[in-house]
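Following: one structure in C-alpha cells, then a few remarks.
Here is the naming used below: chain letters follow the sequence lines, and residue numbers restart at 1 for every chain.
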Amino acid sequence: MATRYDPLIAEPKWRAAWDSAGLYEATPHDDAGDAPKAFVLEMFPYPSGRLHVGHVRNYAIGDVIARHKRAKGYNVLHPMAWDAFGMPAENAAMERGVHPGKWTYANIDAMRAQFQKLGLSLDWSREFATCDPEYYGEQQRLFLKLMEHGLVYRKASKVNWDPVDQTVLANEQVIDGKGWRSGAAVEQKDLTQWFFRITEFADDLLDGVQTLNAWPEKVRTMQANWIGRSEGLQMRFEWAGAHARQGASAKRRSKLKISDGRKTLLESAPIAVFTTRPDTLFGASFIALSPDHPLSRDLAAIDTEVAAFRDQCAALGTSEEMIEKADKLGYNTGLFVRHPFEDRILPVWIANFVLMGYGTGAIFGCPAHDQRDLDFARKFHLPVYPVVRPNDADATFSVGREAYTGPGVIFNSDFLDGLDIQTAKVAAMDKISERSLGEKTINFRLRDWGVSRQRYWGCPIPVIHCDTCGVVPVPESDLPVRLPDDVGFDKPGNPLVHHPTWSSVECPICSAPARRETDTLDTFVDSSWYFVRFASEADKSERAYWLPVDQYIGGVEHAVLHLLYSRFFTRALHRIGEVDLPSGEPFAGLFTQGMVTHETYKAEDGRWLSPTEVDRQVDTWRETATGKPVDVGAVEKMSKSKRNTVDPDVIIGEFGADVARFFVLSDSPPERDVEWTQAGVEGASRFAQRVWSVFDALPDPVDRITATGTSDLRKFSHK
RNA sequence: GCGGGCGUGGCGAAAGUGGUAAACGCAGCGGACUUAAAAUCCGCCGGCCGUAUGGCCUUGCCGGUUCAAGUCCGGCCGCCCGCACCA
C-alpha cells in the first residue's frame, strides 16, 4: 500500500532514534581504534533568539560533510556551542529591562530547540556558551598566561571609539570609518587599553597563508593584504636648521627666528622615515610629517598656526568619503633637513595625507614617482625631480600631472645612474647603512589587537589596579572573575564602572584597597579558541588529536576578523604550551558559503513588506491585507531591515527539515548565493516525495537491500 | 587605483586532466487520471529552416593554438566582492 511522505512523522521518529543511540558523539582518541579523525565545524552562532535561513544553509553544508566522513569510517567531531557575549544582550537589557544573562540563556534554549528540529548530526555533549563562567574563567587563565609570556600588554594609544556602543573597536572592526555593529562614525580617542601582541606573529601569519591550500584564494589574499608586509628602508634625515618660509609675513619671520622652542626641536632626534623606494632618494624634494606625528604635536604646542592646522586636519574626519574627497592639505614648518647624499636641504612640511598609523608617520616626498607626492608638490609649488625614466625614454624625460611609477633606468642620481630600480634600491640602502643613516626594515600594516571593551556583557579582564603595586594579575585561585548579576543599565557607559562594590578589592600583593579592571574582552577573543575547547576542556593530548579543524564552514564576512584572530591565538597558545599545534593553523580547510537571498517587496507608501504579507496574482504582486499593488524589488541578502526573511520554523513545519536543507544545498552551488523561492522549496519537496515513493514501491526494501547489496533500490532509483 | 572572483537556455545551474554543450531541477506548454481542482504520472521544452528524416547556428565580444575549445593562450567588454592617501 503506497504511503505519502510525512516529514512531521518521519523526522521526529529518526531524531529520537539517533539520540537514544548516541550516534553523533565523538569518540575520544584512546577508544577510536584505527579510525582517522575528522573535526568538522561550522562557525558557532550568536544566540540572537531565532534561527534564520542563513544558519540552515551554513549548518546543512557542514552536516553533509560530517555525515559523509562518518559514513566513510572517520571518527567525527561535529559539535555545537554559543558565541554568547556581546552588545545585543546589553541592548535588550536597556530596552526591555531583562538581564543580559537571562536573555541570552533563554535565546540559547529557543535556538537549541530549533537546531534539534533541523536533524543535524551534532555532538551536543560538548555544548557550552562563552558566557558560562567555566568558559570565560579558562579564558582569563589563558589571558594571564599570555601576559606572563609578554603577548598581552597595556598601552596608551589613539583608539577607535564608537560613540553609539560607547566602546573601543579594533582596527578590523572599523569598516569604512564606521563601527561594524553600530554603523556610527568612529571617533579617535586617547585611552589606555589592553593589546594582544599579534604583530609578534606577523611574519608567521603571512607565511602560514601560503600553506592554506584548502582555503578560498580570496580569503588568503585578504589575509595577506591585511597583514601587509612591505620591505624597505627606515632612514633618518638630520636637521639642517630653520628658515622663514617663503611668503611668510615679516612679523612671522621674526617670530620664527627667535623661537627657542624651534631651537630645541632642531637638537632633537633626526626625522625617521620609512620608504620602499630608496632608489628615488635623489628625487626627494620635501619631508612630510603626519599631523599626529610627535613633532607636529610639539610644534603645535609652541605655534598656534600649527595647532590650527592640526585642528583643520582632524576636522576632516577619517571616513572613506572624507578621505576620497579630501584635498591635500599642507603646512610648511620652516624647518629643514639635510639630503643624505647631496649638498642640499629639504623643507619639512606637515601633510594630511601622511598617516601616523603606518611606518614612522613621516615620509620623504618624491613627486616625480609618487602620485600623492606629485599632487602635493604641484599644489604647494615644490620642485619635481625625475630620477627614473622609462627604458625607451632619454634624459629629457619629465613628469607632468602623472607620476611615473613603472620600470626604468635611474638617472639624475649620481652613483645610482644607469641602474635598474631593483639594483638601485639595494645600492641606495647599502650606502645609507654604511653612513649609519638607516637600515633595511620590514614594515607591516598589521597593528596589535586592541581587546579592551568598555562593556558589561563580556569576559572581565582578570587584573587589579593597585596604587603601589601597579597592575596585578588576579591569582589563579580567584578565577573566574565573575560578572556581577546586580547591574543597572540606566546610565550610559560601562555598568561595571557604576557598580557600587564590584570593582573594590584588596591588592593580592600588598592587601591595600585596590580596583578591579572594569574593561571586558572583545568578544572576538571568545571565538578565537572555542574550537580548542571543543577538542577537550583540559586534556592536551586530546587537543593535539583533534586539532586542527579539518573542515571549517562559515561566512566570508569573517575573512579577516575571526579567522585572523584565531590563527594568532593558536600560535600564541602553542607558544605558551597550552596546545600542541606546530603549524599554528587552526583550520586546515575553510569553506565560505554564499548568502541566502530573497526578493524584496515594498508597499505603495514605501513600507517594506515581508513575503508572508504579499500574494502573487498572475503577474502582479499585491499586499494581502489591502489588495494594493506591491513593488517587487531586487533580490538581496535576507535582512530584518528589508523584511525579506523567511522563518525556518514555518518551512520546517510545512515541508520538513530535510526539504529545507535539500533546497539550500541543491538550488545553487554552496559557495554561491542562493535565492530562496517558494517554488524552489516546493520543487525540493516534490523531489523528497519521489524519493519516498521509489523506496515505498520496493517489494521488501529492507530484505532486498541486505540480500542483494542495494541492487533493487538502485534499479528503482535510477528508473 | 590595487587584489580576488565570475560571465553557459525564460530561471537556478551541469559538463574530473580539451573529446556528443545545456545533466538535474524550477517555470512554461501538451496529454492521462478527475464532475472539477489539487496531488500524481507521461511527453515536449537553446535559436533558425523544415511536416519530417535532417541541416545550420549557439557557452559576454574579437582573435589564436588544436583533428577537436565552455574548458588552453592573447586582447577587449560587463558584473560581483574585498582593500585603499600603507610611503
Side-chain angles (χ1 to χ4, degrees), chain A residues 2 4-5 171-172 174-177 215-235 272-278 280-281 284 286-290 313 316 318 320-329 351-367 369-376 402-403 405 441 443-447 555-561 592 594-595 597 599 616 619 635 637 662-690 692-693 697:
Chain A
R4 276 189 61 72
Y5 168 54
N171 291 338
E172 290 80 359
V174 179
I175 295 155
D176 296 345
W215 279 41
E217 196 55 44
K218 175 182 174 161
V219 176
R220 294 168 67 183
T221 311
M222 284 169 71
Q223 293 246 336
N225 290 345
W226 187 267
I227 297 166
R229 178 192 151 106
S230 52
E231 285 184 22
L233 171 72
Q234 182 153 331
M235 60 170 297
V273 157
F274 175 76
T275 178
T276 54
R277 293 297 303 273
T280 64
L281 260 170
F286 64 94
I287 296 288
L289 305 174
S290 163
C313 293
L316 276 177
T318 49
E320 191 186 7
E321 310 97 279
M322 289 302 187
I323 286 167
E324 195 109 329
K325 279 188 230 147
D327 246 347
K328 295 272 184 293
L329 297 181
N352 66 331
F353 72 93
V354 182
L355 307 172
M356 193 57 221
Y358 186 77
T360 61
I363 58 153
F364 80 78
C366 177
H369 306 293
D370 182 292
Q371 194 58 47
R372 296 156 298 174
D373 297 350
L374 185 64
D375 295 343
F376 190 78
E402 272 187 31
T405 54
T441 315
N443 226 305
F444 291 95
R445 210 183 79 107
L446 185 68
R447 302 269 79 98
V556 74
E557 65 272 19
H558 291 111
V560 176
L561 292 158
T592 52
M595 299 180 301
T597 61
E599 268 180 341
R616 189 180 169 173
D619 271 346
V635 174
K637 179 180 181 175
F662 180 70
F663 173 72
V664 291
L665 289 173
S666 65
D667 197 63
S668 283
E671 70 276 12
R672 236 179 274 181
D673 290 355
V674 61
E675 185 190 347
W676 185 277
T677 58
Q678 186 70 15
V681 179
E682 283 163 10
S685 178
R686 276 199 289 270
F687 184 87
Q689 290 288 353
R690 248 169 271 148
W692 179 274
S693 10

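Under the salt bridge (charged side-chain N to carboxylate O under 4.0 Å, His left out) criterion, A:D667 pairs with no residue at all, not counting sequence neighbours. Judged as a salt bridge (charged side-chain N to carboxylate O under 4.0 Å, His left out), and not counting sequence neighbours, the contacts of A:R229 are A:D203, A:E231. Under the salt bridge (charged side-chain N to carboxylate O under 4.0 Å, His left out) criterion, A:E217 pairs with A:R220, sequence neighbours left out.
Between the NZ atom of A:K328 and the C1' atom of B:rC85 there is a distance of 5 Å, rounded to whole Å. Regarding A:Q371, its CD atom lies at a distance of 11 Å from the C1' atom of B:rC85, rounded to whole Å. Note: CE (A:M222) to C1' (B:rC86) measures 17 Å, nearest angstrom. Remark: P of B:rG5 and CH2 of A:W215 are 17 Å apart, rounded to the nearest angstrom. Atoms CD1 (A:I227) and P (B:rG3) sit 18 Å apart, rounded to a whole Å. To the nearest angstrom, P of B:rA84 lies 18 Å from CZ of A:F353. Straight-line distance from the CE atom of A:M595 to the C1' atom of B:rC81: 9 Å, rounded to whole Å.
Expressed to the nearest 0.5 Å, how far CD1 of A:I227 lies from CZ of A:R447 amounts to 13.0 Å. Of the inter-residue distances, the one linking A:T275 atom OG1 with A:N443 atom CG reads 10.5 Å to the nearest 0.5 angstrom.
A:G683 comes within 4.0 angstrom of the backbone, heavy atoms only, and of no base.
Across all strands shown, B:rA14 has no partner, as no Watson-Crick or G-U wobble contact with both distances under 3.5 Å is found. B:rC67 is paired with B:rG19 under the criterion used here, namely a Watson-Crick or G-U wobble arrangement in which both key atom distances are under 3.5 Å. B:rC41 and B:rG31 make up a base pair, with Watson-Crick or G-U wobble contacts both under 3.5 Å. Under the Watson-Crick and G-U wobble criteria, each requiring two contacts below 3.5 Å, nucleotide B:rC56 is paired to B:rG47. Using N1 to N3 plus N6-O4 or O6-N4 for Watson-Crick, or N1-O2 and O6-N3 for G-U wobble, each under 3.5 Å, B:rC2 pairs with B:rG82.
Under the 6.0 Å distance and 45° angle rule, A:K328 does not count as a cation-pi partner of A:F376.
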Got a list of protein N/O to nucleotides 11-17 of chain B N/O distances below 3.5 Å?
from   : atom 1 : to     : atom 2 : distance (Å)
B:rG12 : O3'    : A:S668 : OG     : 3.3
B:rG12 : O2'    : A:D667 : O      : 2.2
B:rG12 : O2'    : A:D667 : OD2    : 3.3
B:rG12 : O2'    : A:S668 : OG     : 2.9

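Between the C1' atoms of B:rU8 and B:rU71, the separation comes to 12 Å (whole Å). Taking atom C1' in both B:rA13 and B:rA84, the straight-line distance is 35 Å, to the nearest Å. Rounded to a whole angstrom, the distance from the C1' atom of B:rU59 to that of B:rC6 is 14 Å. Separation of the P atoms belonging to B:rC11 and B:rG60 is 13 Å when rounded to the nearest angstrom. Nucleotides B:rA15 and B:rA21 have their C1' atoms positioned 7 Å apart, rounded to a whole Å. Straight-line distance between the C1' atoms of B:rC24 and B:rU34: roughly 30 Å, to the nearest whole Å. Only the C1' atoms considered, B:rC26 is 15 Å distant from B:rA14, to the nearest whole Å. If you take atom P in B:rG47 and the same atom in B:rU53, they sit 16 Å apart, rounded to whole Å.
Regarding the sugar-base torsion, B:rG9 falls in the syn class, its angle being within 90° of 0.
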#### Entry: B/S/- contact track for nucleotides 38-44 of chain B, protein heavy atom under 4.0 Å
-SSS---
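Looking only at distances, no side-chain donor or acceptor of A:Q234 sits under 3.5 Å from a matching main-chain atom of A:A272. Under the 3.5 Å distance criterion, the side-chain polar atoms of A:Q223 are matched with a main-chain donor or acceptor of A:A559. A donor-acceptor distance shorter than 3.5 angstrom exists from the side chain of A:S290 to the backbone of A:V354, with no hydrogens or angles considered.
Annotation for A:Y358: atom OH counts as buried by contact number, over 12 foreign heavy atoms lying within 6.0 Å.
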Distance-only criterion, 3.5 Å: show the donor-acceptor pairs between side-chain atoms of residues 672-679 of chain A and protein atoms not counting sequence neighbours.
from   : atom 1 : to     : atom 2 : distance (Å)
A:D673 : OD1    : A:M595 : N      : 2.9
A:T677 : OG1    : A:G680 : N      : 3.0
A:Q678 : NE2    : A:E682 : OE2    : 3.4

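Checking B:rG3, B:rC81, B:rA87 against the side-chain heavy atoms of A:V354 singles out B:rA87 as nearest. Ranking B:rG3, B:rC86, B:rG4 by closeness to the A:K218 side chain, first place goes to B:rG4.
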